[in-house]
Every structure is written in C-alpha cells, then in structure tokens.
Amino acid sequence: MRAMKVRLLFFAVLRDIAGTDERELTLRDGATARDVWNALRTEFARLTDYIDPPMTAVNEEYAEPDQVLREGDELAFIPPVAGG
Amino acid sequence: MRAMKVRLLFFAVLRDIAGTDERELTLRDGATARDVWNALRTEFARLTDYIDPPMTAVNEEYAEPDQVLREGDELAFIPPVAGG
Amino acid sequence: MYLTDAPINPTALVQKVLRPSDGAYVLFEGVVRNHHHGKAVESIFYDAYRPMAERELEKIVREIEAKFPETALAVVHRLGHLVVGDSSIAIVAASAHRAEAFDACRMMIDRIKETVPIWKKERGPDGEEWVGWQGRR
Amino acid sequence: MYLTDAPINPTALVQKVLRPSDGAYVLFEGVVRNHHHGKAVESIFYDAYRPMAERELEKIVREIEAKFPETALAVVHRLGHLVVGDSSIAIVAASAHRAEAFDACRMMIDRIKETVPIWKKERGPDGEEWVGWQGRR
C-alpha cells in the first residue's frame, strides 16, 4: 500500500483542541477528509461526539469530505464560520 | 367684507418665477390656498398651465388646498420635492 | 439641527449614534453625480423650506424609531451649492442586528424623498433645471 | 488585500470606490457589541484561514459585481483582538442609484457570513467561546 503526505491545518476551536496550527499527516492511498476527521475524533475526546466532519477545504477550496486526498494536499476543517 | 393678511413664501422654481422670497397678501375672508394659486396663475404666464396647485403648506404643515386660510397664516406652495 | 450649509462629516454622525449595544450600522450618503436622465450634471443647488424641512425630518425620525425601537438614527441634509462628488445627505442607522439597521436606513431615505420640502436645481452644460417641475402640471 | 490587522478606515474605503457617476453609497460596518444571546461580551478574537478567506471574499465580490454591474464594491475584514465598539468589517457599495447600493451591500454581508472562513471567540465575564461551535455536532 502506497502512502502520501498531506498538510492538515487547524483553525479556531480546532486549533485550541489540537494545541497546534498544523500537522503533517502520512495517509494511506485513497484516504479521505472523513478518514482524517475520524482519526481526530479518536485522538481528541472533545471531538468524539462530532460524528460528521465540519465543512472541509482542500487547497483553499471547499470540498466534499469523501473526496479522495492527494499527495501534497492542504486540508483544513472549517468550523461554523462567524465572520462579519 | 372683512380682509385678512397672509404671508406667502416662494421656494425653488416658484421663487425663480415670482422673483422674490415672499409676499404679504391681503385676502378676502374665506379665501383658500387654491384661490391664491389661481391668482398666481393669472399673474405669471409660466404658471398658467398648472391648473391644480402643488402640495400646499400652511404654517409649516401640509394642508389641503381648499382649506380656508386665516389671519396671519404662513402659506407656501411646495413644488415636487427632490431632497436626498 | 438636521440641515447644514457645510460639508457633511459622516464619521461624526456615526459617532453620535453608535452605542455599545450596537452590532452594526448602515451609513447612506446621497452624492452629487455627473448625470441625470442622460444629461450631464456639473453642480446642484439645494433649496429648502428650512423650518418645515426640519419638522418633516423630525417626524420621519420619530416614525422610523417607532417602527424600529432598537435602532438609533441620525440624519443631516446639506443645502446650497454642491459639486459632483459632494454628499447631499447622510443617514446612519445603528442597531444590535444588521437587518434592522438596513431596513431603517433604507426606509428613512425613501420617506425623506417623499415629503421633506427640499428642492434641487441641476446645472450642466445644457443649462439648469429644477428637478421634478417640468412635466408636472 | 481584504484582510487587515489594523483598525478599519471606512472613509478611505469609500474614497477608493466612489466614482463621479455614483449618486449614492451604502457603508455597512459590523461592530463588536457588548452582548450576544443574552451574555455580556467584552472583546472578540477574530481568526481566519487567511489565504482561503481572501479567495472567498474575492469570489463574493465578483459574484455581486456580476449581479449589480453598475455597482462598485469594497470590503475589508479586521482580524485579531477587538473590543466593544471596534469595527470588524466594512463594506461599501456605490452606484448611480440607491436601490442597487443597498441591495449589493446587504447581499455582500449576507454572503460573507455564509462561506468566508473567519471565526470569532467571544470573551466576557462568563469566560470565552468560539461562536457557532457549541450545539453543533
């Protein structure tokens, strides 16, 4: 099974929960944002109840959480936005 | 027949037509703003075709043109407003 | 109070109305533009029946405050000679939420254009004209 | 370009967009208020996914310019620590006629609140909270 590297960015409440701005992930080929979210739910108790991922962005564009990630992608979960 | 004095104010296009800011009128008892307007139509050719008076104000409040005027009233015809 | 012969300072108007409970304000300014109904405009002379215009503006402020009790309002209309780019009117509506601020501000300018005895004479290369008078009779 | 860490200067934003053909502009500012859902607020920290927020703001500007081709738009969102009374966002819409300016300005703030990746953490006497996170799951 091949592996790929993906950069995961944390913002807002997720940065507070993760305690970091970003993390480099090594994922199996075919992994999706949903897979990454589920791994975070396992790692951080405060996320366990959040079964569905928040909005997902890949390379600074909104994307479907089940879209397959690719080598070098920049992934971010977007908690409910509150700009303005 | 008794007479009364009324102050007539001219604004905007009406000031240009009358060539003055105001005029003191001596009117017969029972005269209305419409009567005053008709006198202006006779006096100023540029008003002749304007059969109905513009909006009418008596003592700084909008009023009906057929309302009877009283001694000391301040009368003004209000051409179409264009504020803002 | 609502009328001025000097340039309008919208920032001062905003400072006058904004309260710590307000989460939004909407500022509207009417500006002299270089055209009207296809004709070039260079300047505008604004005339008013001043005491009556003050009273009508006051009535409109109270009417809209009654409709939007949580919204704070301010308005000032400039009179005299204005050139392209000059502001003729500024309205500020501040509220806890933006919907009321937008609605109140818009209703205010719509109402002002209906009843306040203020007039404008537009001047351009084709001459000058009191807006709204021609064609009405 | 659309984001700043410094206080917003709405007058400069207006000057940037206003053209001689514009007869009206509407300025909207979002302001930190001292309450939210019944709780006291003292300050707000605004966070953003900056490059993506810039892109989303750019998309919204283009979308609204397409809907209102005669309207000129500008927007700036402030990030970082803001206190009560500080403006978090300013939007200017200028047009020949006021209806388009009001509509475009309002649509702009509505759209920004839907999709732009900006977040706020409210701080008050009861603690602090990322707005919109609690209750969602």
Side-chain angles (χ1 to χ4, degrees), chain C residues 8-15 17-38 40-42 44 70 72 82-110 112-113 120 122 131, chain D residues 8-15 17-38 40-42 44 70 72 82-110 112-113 120 122 131:
Chain C
I8 293 171
N9 180 343
T11 308
L13 207 65
V14 170
Q15 291 314 312
V17 292
L18 205 65
R19 304 157 298 185
S21 59
D22 291 321
Y25 78 81
V26 174
L27 164 67
F28 171 85
E29 284 207 272
V31 182
V32 176
R33 63 172 187 250
N34 62 7
H35 62 100
H36 186 214
H37 290 163
V41 173
E42 290 162 350
I44 293 184
E70 291 180 4
L82 280 71
V83 298
V84 172
D86 284 346
S87 291
S88 53
I89 189 169
I91 298 170
V92 178
S95 202
H97 304 280
R98 72 186 184 282
E100 288 81 357
F102 273 109
D103 287 343
C105 188
R106 191 162 187 168
M107 189 174 295
M108 184 98 120
I109 180 62
D110 288 348
I112 286 170
K113 284 177 174 274
K120 62 180 175 187
E122 288 181 348
V131 173
Chain D
I8 293 172
N9 181 344
T11 307
L13 207 63
V14 170
Q15 291 313 313
V17 293
L18 205 65
R19 304 156 300 183
S21 59
D22 291 321
Y25 77 82
V26 173
L27 164 67
F28 171 85
E29 284 206 273
V31 182
V32 176
R33 63 171 188 250
N34 63 7
H35 62 103
H36 185 215
H37 290 163
V41 173
E42 290 162 350
I44 293 184
E70 291 179 6
L82 280 71
V83 299
V84 172
D86 284 346
S87 291
S88 53
I89 189 169
I91 299 170
V92 178
S95 202
H97 304 281
R98 70 186 185 282
E100 288 81 356
F102 272 109
D103 287 344
C105 188
R106 190 161 188 169
M107 189 175 294
M108 183 97 119
I109 179 62
D110 288 348
I112 287 170
K113 285 179 173 273
K120 61 179 176 187
E122 288 181 346
V131 173

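Chain identifiers are assigned alphabetically (A, B, ...) following the order of the sequence lines, protein sequences preceding nucleic acid strands; residue numbering begins at 1 within each chain.
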For chain D, which of [options] has the most heavy-atom pairs under 4.5 Å?
options                    : result
C:L18, C:V14, C:N34, C:V41 : C:N34
C:P20, C:A24, C:G30        : C:P20
C:A99, C:P10, C:G85        : C:A99

Practice task
Can you tell which part of D:V84 gets under 4.5 Å to a heavy atom of chain C, answering side chain, backbone, both or neither?
Solution key: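 Side chain only.
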Problem - Region of D:T11 in contact with chain C, defined by heavy-atom distances below 4.5 Å - result: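 Answer is side chain: those atoms of D:T11 sit under 4.5 Å from chain C.
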Handout entry: Residue-level interface, residues 86-96 of chain D with chain C, non-hydrogen cut-off under 4.5 Å
Key =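 Answer by number: D:A96.
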Practice task
Can you measure from CZ (C:R106) to CG (D:D103) and round to the nearest 0.5 angstrom?
Solution key: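 If we round to the nearest 0.5 Å, C:R106:CZ and D:D103:CG are 4.5 Å apart.
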Exercise for the section: Mind checking the CG-CZ spacing from C:D110 to D:R98? Nearest 0.5 Å is all I need. Expected result: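 Result: 4.5 Å between the selected atoms.
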Problem - Minimum heavy-atom distance between C:V26 and D:V26, given as atom pair plus value - result: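 For C:V26 and D:V26, the tightest heavy-atom pair comes out as CG1-CG1, 3.6 Å.
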Exercise for the section: Taking all heavy atoms of D:F28 and all of C:F102, pick out the closest pair and write down the distance. Expected result: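 Minimum heavy-atom separation between D:F28 and C:F102: CD1-CE1, 3.5 Å.
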